[in-house]
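Since the structure comes first, as structure tokens, the remarks are kept for the end.
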Amino acid sequence: SEAGAKPRGALIVVEGLDRSGKSTQCAKLRSFLESSGHPTELWRFPDRETSVGQMISAYLSNKSQLDDRTIHLLFSANRWEKRSLMEEKLKGGTTLIVDRYSYSGVAFSSAKGLGIEWCKAPEVGLLAPDSVLYLDISPERAAERGGYGDERYERVDFQKKVSEFYQTLRDSSWKIIDAGDSMEEVEKKIQQVVLDKVKECALGKSLSLLWS
Ligand code: TMP
Ligand code: MG
């Protein structure tokens, strides 16, 4: 980074099917980075705290019905409403671990039959992650985990389609982590990848935009 300028934080996105262990691993990663001296916040999308987020949450818990394109755009709006704060945090030196991002947006909506390009369009111009970690688990194994089936998309047949679209979206920069390994194994693998990335960003790796 430039002399006197603060090293920027890294934008780390964690993706995967429902019940792949993202939330647990994100929390562990956050404590790890903090204890290694890197200011870190844990974010998640959907962010159910905002008014848009409350509409999304009602939809996911089947308390409301929305047209497929409408809910897609709400998920996207929920990211746009946090974009400026996101940039501010990163430039101020805070690393953000983000539990789901635009890839969820595209994979889940495409799995319903909406076109991929249509789904990507509203994401263009959001901040691009410095690293995407994909917690890889089969839809069948995920379904055996506790709490499965509570929300709208938690059905094995649907999650199979979602995993196919994740495969279409991913590129060689994604880190694919076997989420069927023990929690400790997964935790260690993630730590290695992320620590390297945090250092790269602190040394001046520039922020870029989706979708490229
Ligand atoms: P959560 O369980 O991580 O809170 O996510 C809720 C559900 O919303 C999950 O099934 C994935 C889905 N989702 C989308 O369909 N589009 C999106 O943009 C995001 C962030 C999540
Ligand atoms: Mg869920």
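Just follow the structure's listing: the first ligand is 1, and inside any ligand the first atom is 1.
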Geometry only, no angles: is Gln159 polar-contacting ligand 1 at N/O separations under 3.5 Å? no
Give the numbers and elements of all ligand 1 atoms closer than 4.0 Å to a heavy atom of [X].
{"X": "Gly105", "answer": "16 (N), 17 (C), 18 (O)"}
{"X": "Leu60", "answer": "6 (C), 7 (C), 8 (O)"}
{"X": "Phe45", "answer": "20 (C)"}

Kindly say whether the aromatic ring centers of Tyr153 and Phe108 come within a distance under 6.0 Å. yes
Measure from [atom] to every heavy atom in [options] and give the option owning the shortest one.
{"atom": "atom 9 (C) of ligand 1", "options": "Leu17, Val106, Asp18", "answer": "Asp18"}
{"atom": "atom 3 (O) of ligand 1", "options": "Glu123, Arg19, Lys22, Arg100", "answer": "Arg100"}
{"atom": "atom 8 (O) of ligand 1", "options": "Phe75, Tyr101, Phe108", "answer": "Phe75"}
{"atom": "atom 6 (C) of ligand 1", "options": "Arg79, Arg152, Arg48", "answer": "Arg48"}

Student check: side-chain heavy atoms of [X] and [Y] closer than 4.5 Å:
{"X": "Ser102", "Y": "Phe45", "answer": "no"}
{"X": "Lys175", "Y": "Val194", "answer": "no"}
{"X": "Arg170", "Y": "Tyr103", "answer": "no"}
{"X": "Tyr148", "Y": "Gln159", "answer": "yes"}

Tell me, please: is Arg44 in heavy-atom contact with ligand 1, that is, under 4.0 Å? yes
Does any donor atom in the side chain of Ser104 or Tyr166 lie under 3.5 Å from an acceptor atom in the other side chain? yes
One residue to check: Pro46. Relative to ligand 1, which of side chain, backbone, both or neither has a non-hydrogen atom less than 4.0 Å away? both
Identify whether NZ of Lys or CZ of Arg in Arg69 sits under 6.0 Å from the centre of the six-membered ring of Trp118 and within 45° of that ring's axis. yes
